[in-house]
Protein chains: 2
Amino acid sequence: MESLKNSGNGSDSVLAALRKIMRSIDLHSKSLVKRFGLTSPQLIVLREVDAHGQVTAGEIAHAVSLSQATITGIFERLEKRGLITRKRSSDDRRRILVQPTLEATKCLAGAPPLMQESFVDAFEKLQDWEKSMILSSLQRLVSLMDAQNIDAAPFLAAESLETPINGEN
Amino acid sequence: MESLKNSGNGSDSVLAALRKIMRSIDLHSKSLVKRFGLTSPQLIVLREVDAHGQVTAGEIAHAVSLSQATITGIFERLEKRGLITRKRSSDDRRRILVQPTLEATKCLAGAPPLMQESFVDAFEKLQDWEKSMILSSLQRLVSLMDAQNIDAAPFLAAESLETPINGEN
DNA sequence: TGACATTATTTTGAACACAAACTAATAAAT
DNA sequence: ATTTATTAGTTTGTGTTCAAAATAATGTCA
């Protein structure tokens with residue numbers, strides 16, 4: 001009965017739920033680093049590096065939806081742990097090419113999942129319709145939010161006939 | 001067609017979507033602090049303080065699903081900006097009572113929404129069924145994740161008869 | 001060639017978020 | 001009454017994340 005507290009269906013409820021979810025994910029990440037030595041973002045980045053073999057920070061940043069500055073920090077820690085090597089590209093000396101070490105491959109082989117195993121299990125056991133409902137809900141949110149970041153572009157042109165876009169934003 | 005990339009429906013896709021969503025929310029928070037002076041977490045906490053009038057750090061931590069240490073940091077910044085005051089409780093001198101200042105009420109009155117206005121608008125305009133689908137999907141995820149955080153406790157008591165808990169863990 | 005712009009990465013500074021260790025005060029137990 | 005445990009809050013250390021400024025290399029245009 002408590003779930004009707006805040007006018008129930010608003011975007012505030014969405015935010016509250018999302019914050020709980022992300023907290024849970026963050027807690028798992030922090031437990032990973034103890035049991036396994038790497039946090040989730042580190043693991044995500046390392047996976048991506050391993051999948052591509054030889055990449056630049058910018059490519060990784062784009063692939064995992066993080067800023068370049070963030071990638072730099074993660075690279076630093078991965079390098080310190082001997083999981084990647086960095087060297088300047090010779091044909092464009094602005095670029096830094098990153099490569100996974102042998103350690104990295106070994107490490108990834110025994111890597112735990114990025115979310116609590118019990119969650120993964122539980123999620124996989126859901127009915128197909130529920131899994132797709134959840135996933136499509138999330139992707140709906142992604143598209144609703146992406147809209148503003150990209151925002152300027154396509155739709156607004158059409159809608160602007162009705163809603164004249166007040167500079168602002 | 002690209003959406004089938006990663007074995008498609010797994011919890012990895014869920015995580016990827018969630019990370020994009022939270023990034024978007026974080027970016028908004030960072031833009032808030034420039035236009036308005038407070039970040040989302042600060043605003044969330046301040047709202048909660050204002051709603052309760054006189055509260056302790058622990059109560060707020062529980063109400064907004066953050067650790068006490070995090071609340072301490074946020075209180076510090078809110079205090080520095082003159083939005084709350086802290087003083088020891090006289091009947092239990094461990095407690096620190098927090099109160100919103102007059103500034104705070106003024107501030108909250110003109111506070112922007114916690115998510116991009118364009119998102120809020122777009123979300124409110126969705127069909128009712130879609131809003132509830134999204135919200136209930138999120139709450140489903142919350143409950144699936146909560147399960148593990150809670151679960152540890154009750155079992156151990158029973159199991160400890162068989163497994164004498166080796167310090168470790 | 002020299003001035004300017006663009007691109008790739010790093011550095012800096014701020015905030016958030018946690019656990020673990022710590023301080024201080026209260027409560028319980030011997 | 002003294003020890004011990006619990007509770008409330010802070011401090012410390014690590015990691016994530018971003019924007020903005022700083023480096024550095026490449027490209028462009030005059």
Side-chain angles (χ1 to χ4, degrees), chain A residues 19-46 55-62 64-81 84 86-98 114 149, chain B residues 19-46 55-62 64-81 84 86-98 149 169:
Chain A
R19 288 180 62 85
K20 279 186 207 159
I21 291 167
M22 288 311 288
R23 179 174 202 238
S24 171
I25 290 171
D26 184 51
L27 292 181
H28 179 249
S29 171
K30 289 188 164 131
S31 95
L32 270 193
V33 75
K34 306 186 138 179
R35 300 192 284 110
F36 178 66
L38 296 181
T39 64
S40 301
Q42 288 168 16
L43 201 42
I44 289 168
V45 167
L46 188 57
V55 266
T56 65
E59 284 159 3
I60 296 293
H62 183 262
V64 303
S65 300
L66 289 174
S67 80
Q68 216 153 333
T70 301
I71 298 297
T72 295
I74 291 175
F75 275 177
E76 226 150 67
R77 289 179 277 277
L78 289 177
E79 193 177 34
K80 202 186 300 174
R81 281 166 183 71
I84 60 168
R86 289 199 266 189
K87 69 161 195 286
R88 290 211 110 81
S89 159
S90 50
D91 57 313
D92 183 344
R93 298 181 41 70
R94 286 170 302 183
R95 287 157 172 272
I96 302 264
L97 296 176
V98 173
L114 290 169
N149 297 346
Chain B
R19 288 181 64 85
K20 280 186 205 158
I21 291 167
M22 289 311 288
R23 178 172 203 236
S24 171
I25 290 171
D26 183 50
L27 291 182
H28 179 248
S29 172
K30 287 187 164 132
S31 93
L32 270 194
V33 75
K34 306 188 139 178
R35 301 192 283 110
F36 178 65
L38 296 181
T39 63
S40 302
Q42 287 168 17
L43 202 43
I44 289 168
V45 166
L46 188 57
V55 267
T56 65
E59 283 159 4
I60 295 293
H62 183 261
V64 302
S65 300
L66 289 174
S67 79
Q68 215 153 332
T70 301
I71 297 297
T72 295
I74 292 175
F75 275 177
E76 227 150 65
R77 289 179 278 275
L78 289 176
E79 193 177 34
K80 202 186 300 173
R81 282 167 182 71
I84 60 169
R86 289 198 267 189
K87 69 161 197 284
R88 293 212 107 82
S89 159
S90 50
D91 59 312
D92 182 343
R93 299 182 39 72
R94 285 171 303 183
R95 286 157 173 272
I96 304 264
L97 297 176
V98 174
N149 297 345
N169 198 1

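Atom set for the values below is all heavy atoms of this structure, side chains included, hydrogens, waters and symmetry mates excluded. Below, read A as the first sequence line, B as the second, and so on, with proteins coming before strands; counting in each chain starts at 1. Predicted, not measured: the structure shown is a model, and the values here were computed from it.
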* Determine: side-chain N/O of B:T70 to OP1/OP2 of C:dA17, distance under 4.0 Å, yes or no. => no
* Asked: Is A:R77 near enough to D:dT14 that one of its side-chain N or O atoms lies under 4.0 angstrom from OP1 or OP2?
  -> no
* Asked: For the pair made of CG in A:L32 and C1' in C:dA19, what is the distance, rounded to whole Å?
  -> 15 Å
* In whole angstroms, how far is the P atom of C:dT9 from the CD atom of A:E79? -> 14 Å
* **From A:S40 atom OG to A:L114 atom CG, the distance as rounded to the nearest 0.5 Å** => 5.5 Å
* Structure fact -> Value for CZ (A:R86) from OG1 (A:T72), rounded to nearest 0.5 Å, stands at 6.5 Å
* So among A:L66, A:V98, A:L78, which one has a side-chain contact (heavy atoms from CB on, under 4.5 Å) with A:I71? -> A:L66
* C:dT9, D:dT26, C:dC18: which one has an atom nearest the side-chain heavy atoms of A:R23? -> C:dC18
* To do: Find the distance B:F36:CZ to C:dA15:C1' and express it as a whole number of Å.
  => 16 Å
* Could you tell me the separation between the CD1 atom of B:I71 and the P atom of C:dA17, rounded to a whole number of Å? => 8 Å
* Asked: OP1 or OP2 of C:dT7 sitting under 4.0 Å from any side-chain N/O of A:Q68?
  -> no
* To do: Tell me what B:G73 touches on the nucleic acid: a base, only sugar-phosphate, or nothing, going by heavy atoms under 4.0 Å.
  => nothing
* Asked: B:K80 or A:K30: which one's nearest nucleotide on DNA chain C is closer to the 5' end?
  -> B:K80
* To do: Considering just the side-chain nitrogens and oxygens of B:R95, establish if one lies under 4.0 Å of OP1 or OP2 belonging to D:dT7.
  => no
* To do: Report yes or no: does A:S65 contribute a side-chain atom to a donor-acceptor pair with the main-chain N or O of B:K20 at less than 3.5 Å?
  => no
* Between B:Q42 (CD) and C:dA14 (P), how many Å, whole number? -> 14 Å
* **A:R19 CZ to C:dA15 P, straight-line distance once rounded to whole Å** => 16 Å
* Respond yes when some side-chain nitrogen or oxygen of A:T56 is under 4.0 Å from OP1 or OP2 of C:dT9, and no when none is. => yes
* Please figure out whether B:L97 or A:S90 has its closest DNA chain D nucleotide nearer the 5' end. => B:L97
* Structure fact -> Atom CD1 of B:I44 and atom C1' of C:dA17 are separated, to the nearest Å, by 13 Å
* Structure fact -> Rounded to whole Å, CG of B:D91 lies from P of C:dT26 at a distance of 9 Å
* Answer whether the closest heavy-atom distance between the side chains of A:F75 and A:I96 falls below 4.5 Å. => no
* Counting N and O atoms only, with roles assigned by atom type, does the side chain of A:R23 sit under 3.5 Å from a partner on the main chain of A:R19, one being a donor and the other an acceptor? -> no
* Compare the minimum distances between each of D:dA25, C:dA15, D:dA19 and the side chain of A:D92, then state the nucleotide with the smallest one. => D:dA25
* Asked: So, is B:K34 near the phosphate of D:dA20, with a side-chain N or O under 4.0 Å from OP1 or OP2?
  -> yes
* **Side chain of B:I74 (C-beta onward), nearest among C:dA17, C:dA8, D:dC18** => C:dA17
* **First of B:A69 and A:A69 reached from the 5' end of DNA chain D, by closest nucleotide** => B:A69
* Along DNA chain C (nearest heavy atom to each residue), the more 5'-positioned of A:R86 and B:S65 -> A:R86
* To do: Calculate, to the nearest 0.5 Å, the distance between atoms CD and NE2 belonging to A:Q68 and A:H62 respectively.
  => 11.5 Å
* Taking only the side-chain heavy atoms of B:D26 (C-beta and beyond), determine which of D:dT17, D:dG15, C:dT26 contains the nearest atom. => D:dT17
* Asked: Counting any heavy atom closer than 4.0 Å, what does A:E76 reach on the DNA or RNA strands: base, sugar-phosphate only, or nothing?
  -> sugar-phosphate
* For the side chain of A:R94 and the base of C:dT9, is some donor closer than 3.5 Å to an acceptor across the two? -> no
* Asked: Taking OP1 and OP2 of D:dT23, is either one under 4.0 Å from a side-chain nitrogen or oxygen of A:R93?
  -> no
* Asked: Within less than 4.0 Å of OP1 or OP2 of D:dG9, is there a side-chain N or O belonging to B:T72?
  -> no
